[in-house]
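Here is the structure we will look at.
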Amino acid sequence: MQYPAVTWLVAALLFAYGLVFGSFANVVAYRVPRHESVVRPRSHCVHCQHTLSWWELLPVLSWLVLRGRCRKCRMPIAVRYPLLELLTGVLFASAWWQGHTIAQVVVWAVFWMYIMMAVGTDLAAMIVPNVLSLPAAVVFLCASVLTHIQPWPNAAIGLVVGFAMVFLVHLLSGGRMGLGDAKLYLAVGAMLGPWLSLLSFVLACIFGSLIGFGLRLYGRLKVGQFVPFVPFIALGVMTAVWYGQALLHLYMRLVGLA
Ligand SMILES: [Zn+2]
């Protein structure tokens with residue numbers, strides 16, 4: 001890179017934006033499944049309804065200062081909130097290296113924001129609301145093609161393949177894999193194209209099985225109990241976006257196709 005200082009400065013700025021948008025993703029994740037407005041009323045404690053002042057709303061920092069508890073009622077604030085903010089920051093910064101143009105960087109950042117919202121709604125309410133996933137499918141199909149992240153046949157085939165493979169698992173699993181996960185994959189397919197989408201889903205299933213097996217082994221998961229799957233999808237998508245080409249190449253070499 002020719003200007004390392006500028007590069008790191010932009011990445012740091014994107015990281016800061018990611019923290020703020022991650023905080024907003026938390027609000028969306030909590031309120032959308034409850035059919036509440038995402039703008040009003042102002043953020044409040046979910047236990048005692050105490051309205052949060054500005055310094056209680058700083059991403060990650062407030063949680064650390066308050067040591068994970070509400071200032072008024074001292075009830076715990078789940079650690080997943082600051083973690084999701086932090087991860088959104090990292091993902092926004094990563095968009096800087098993924099995109100080749102400013103437009104692509106913006107689209108990747110918005111895509112990660114969408115994935116983090118879905119992680120949030122799945123953790124909070126075990127759903128990915130249609131009001132998020134269906135508009136996202138259209139937005140990311142257009143954005144992916146218009147900013148040349150994917151050529152249009154790849155984006156369109158990716159969208160169809162992405163939905164179809166998860167829908168198939170939804171049918172085969174008798175509904176254990178949610179329909180919301182399939183709808184989430186419409187946008188993932190449009191952004192990643194068919195091959196990387198497929199890889200991301202295989203990775204998500206591997207991660208999910210390993211963690212599920214681990215939880216069951218330590219008695220943290222009962223038979224028939226469901227685990228939210230979108231966090232594993234997010235992990236699979238991240239791995240596919242960052243290391244997918246290398247993994248596919250390795251696979252081709254292993255099976256003797258390259
Ligand atoms: Zn409270």
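In this chain, numbering begins with 1 at the start of the sequence shown. Just follow the structure's listing: the first ligand is 1, and inside any ligand the first atom is 1.
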Item to complete: Answer yes if V60 and L83 sit in the same cluster of Ile, Leu, Val, Met, Phe, Trp and Tyr residues linked by side chain heavy atoms under 4.5 Å apart, and no otherwise.
Response: yes
Worksheet entry | Residues, nucleotides or ligands: over 12 heavy atoms within 6.0 Å of Y17 OH | no
Fill in: Within 6.0 angstrom of H100 NE2, more than 12 heavy atoms from elsewhere
no
Item to complete: Mind jotting down which residue pairs meet the ring pair (Phe, Tyr, Trp, His ring centres under 6.0 Å) criterion with at least one end in residues 161-217? Sequence neighbours excluded, please.
Response: F163-F167, F167-H170, Y185-F201
Worksheet item: Between Y30 and R34, is there a cation-pi geometry (under 6.0 Å to ring centre, at most 45° from the normal)?
Response: yes
Worksheet item: Which protein N, O or S atoms does the Zn ion (ligand 1) have within a distance shorter than 2.8 Å?
Response: C45 SG, C48 SG, C70 SG, C73 SG
Worksheet item: Can you find a side-chain donor-acceptor pair between W242 and Q98 that sits under 3.5 Å?
Response: yes
